[in-house]
Each structure stands twice: as C-alpha cells, then as structure tokens.
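Each chain gets a letter, A, B and so on, in the order its sequence line appears, and its residues count up from 1.
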Number of protein chains: 2
Amino acid sequence: MNSPLAHRLRSARQVANLTQQQLGIRLGMDPNTASARMNQYEKGKHAPDYQTAKRMADELGVPVAYLYCDDDQLAELICVIAKLKESEKAELLEKLR
Amino acid sequence: MNSPLAHRLRSARQVANLTQQQLGIRLGMDPNTASARMNQYEKGKHAPDYQTAKRMADELGVPVAYLYCDDDQLAELICVIAKLKESEKAELLEKLR
DNA sequence: AACAATACTAAGTATTGCTTAGTATCAAAT
DNA sequence: ATTTGATACTAAGCAATACTTAGTATTGTT
C-alpha cells in the first residue's frame, strides 16, 4: 500500500489551477527547488513531512486528512463535511451515533 | 503545527488496550525495537512512513486519515462514518451536497 | 520548426528515522 | 520500604530518506 497523497495532491492542485512550481512557491519553498520537490511528491517518489502537507492542504482548501485518506468515498465526505459550520458538524455527529 | 499522529495514536492504542511494544510487534516490527519506535511515534519524536501508519490504523480499527486529522470534531466524524456501510456513506454524501 | 512553459528525473548532499543500549517510572509483591 | 517486573521513555550512532542541483523530457503555442 503506497500513500494516497500523491494522487490527492495532483487532483487538488489541478482543481486550484496551479503549476507544481507555483504551488511550491506559495508553500514557502525556494523557487529553484519548488518544481522538483512538488513533482517528487506528486509522483510518489518522496513523501513530505506533516508540516509541509498541512501547508499544502491549507493552500488547496482541503482538510489535511484528505491527503492521507486511502478511501475515495470517505475522502469525498471529508471534503464536504469540512465545509460545514461547527454546529452542523456537531449535529451530524449526534445523528450518526 | 506539529503532527496530530502522536496523540491520535496514543489515544487509539489505549482504547485497544495494548502496550507500545505489543502494538509494534503486531505491526511486524522486530520485538527488540518495537518499544523504542512506537514510543518515538507517540511522543512525536519521529514520524512513521505512510505504510507503517496504515498498518497502525488497520490494527487499531481506525481509518488512516484519522491519524493525520488535525481537527478533533472532524476526526470523530471520520471514525464514525468509516463504520457505515458503503450504501449509507453514498446516501450521506448525496444529502450533504 | 522553434520557443516557452511545465513536468519530470538521476545523483549527491543534507536531514531524518531506526537501532542499540540503556535509564526512568510505576504498580504489585514481599 | 525495597525489590521485582512491566512499561515507558531517551541519547547517540548508523541506516535510510528527503532535498538540492543540474539537467532532460514533454506539451502547447506561434
């Protein structure tokens, strides 16, 4: 089992309409290395540390847990639920248990 | 921002009523190093690679995304939702959008 | 075809995790 | 109160992995 981060990252970056380098720079990477690093993450060659993954998620408007979610259906739900208000999430949690 | 994995791991391990070493051994680690490694993960000293985190999650009965979730409310929802049937998840997703 | 922009990669260096070899802490038994 | 065993924890060196460098490959545009 290899990390779902690569595919989720690519998908979210494309939705945001950014190049690999652009995204890397926005995350605070050196412009000279941003392209190579981001590509290595997207191709699954290397894995970013958590702090970097969190910044990616914030920049791309998805919950960081989404990047690590191996189940497509749950991944979708994570994105949708994250957009709810706190009270709505509390309500949903109540209803589910 | 440091990784939520440490705290989520401890919490899930304690619910499962396992020692750090016991859990490490179940994940396939060398019994001589299982204790040290698991402790380093739980104290946030080091981060496991994804494959190890996935095995932890499977063994502890939580979705792997839960270990990386930085929002407590969303983390709870992830655990509860993961227990639903596929059809129920599909239904929930429909309703939310 | 030529060019620019974007994506991608090998290999060396820098950084981080894993192993080793312990110490610290806590609970139970004597 | 002390010993014992179980569990938790840690420093430091070694092994493995990520980051940087210096490019090549691909794609789209004129």
Report summary line: Within residues 40-49 of chain B, the residues having a heavy atom closer than 4.0 Å to DNA chain D are B/Gln40, B/Lys43
Report task. For a side chain to side chain contact (heavy atoms under 4.5 Å, CB included) with A/Gln20, tell me which candidate from A/Arg37, A/Gln40, A/Glu42 qualifies. Result -> A/Glu42
**Report entry** Pair A/Asp70 + A/Arg8: basic N to acidic O under 4.0 Å
**Finding:** no
Requested in this report: Test side-chain contact (heavy atoms from CB on, under 4.5 Å) on B/Glu76 and A/Arg97 and set out the steps.
Outcome: CA-CA 11 Å; B/Glu76 285 305 309; A/Arg97 43 179 196 200; 3.9 Å; yes
**Report entry** Atom-pair distance (CG on B/Leu5; C1' on C/dG17), nearest Å
**Finding:** 14 Å
**Report entry** A/Asn39 CG to D/dG23 P, straight-line distance once rounded to whole Å
**Finding:** 18 Å
Query raised in the report: Contacts to DNA chain D from residues 13-37 of chain B, heavy-atom cutoff under 4.0 Å, which residues?
Result: B/Arg13, B/Thr19, B/Gln20, B/Ser35, B/Ala36
**Report entry** Taking every non-hydrogen atom, the tightest pair across A/Leu18 and A/Arg13
**Finding:** O-NH1, 2.7 Å
Query raised in the report: Roughly how many Å is it from CZ in B/Arg10 to C1' in D/dA8, rounded to a whole number?
Result: 8 Å
Query raised in the report: Looking only at heavy atoms, what is the nearest atom pair of B/Leu96 and A/Leu92, with distance?
Result: CD1-CD2, 4.5 Å
Report summary line: Between B/Ala6 and B/Gly44 the two heavy atoms that sit nearest each other are CB-N, 3.8 Å
Query raised in the report: To the nearest Å, how far apart are A/Gln51 CD and C/dT15 P?
Result: 15 Å
Query raised in the report: Will you find, in the side chains of A/Thr52 and A/Asp49, an N or O donor that is under 3.5 Å from an N or O acceptor?
Result: yes
Requested in this report: I would like to know whether A/Asp71 and B/Val64 meet side-chain contact (heavy atoms from CB on, under 4.5 Å); could you show each step before the answer?
Outcome: CA-CA 9 Å; A/Asp71 177 54; B/Val64 62; over 6 Å; no
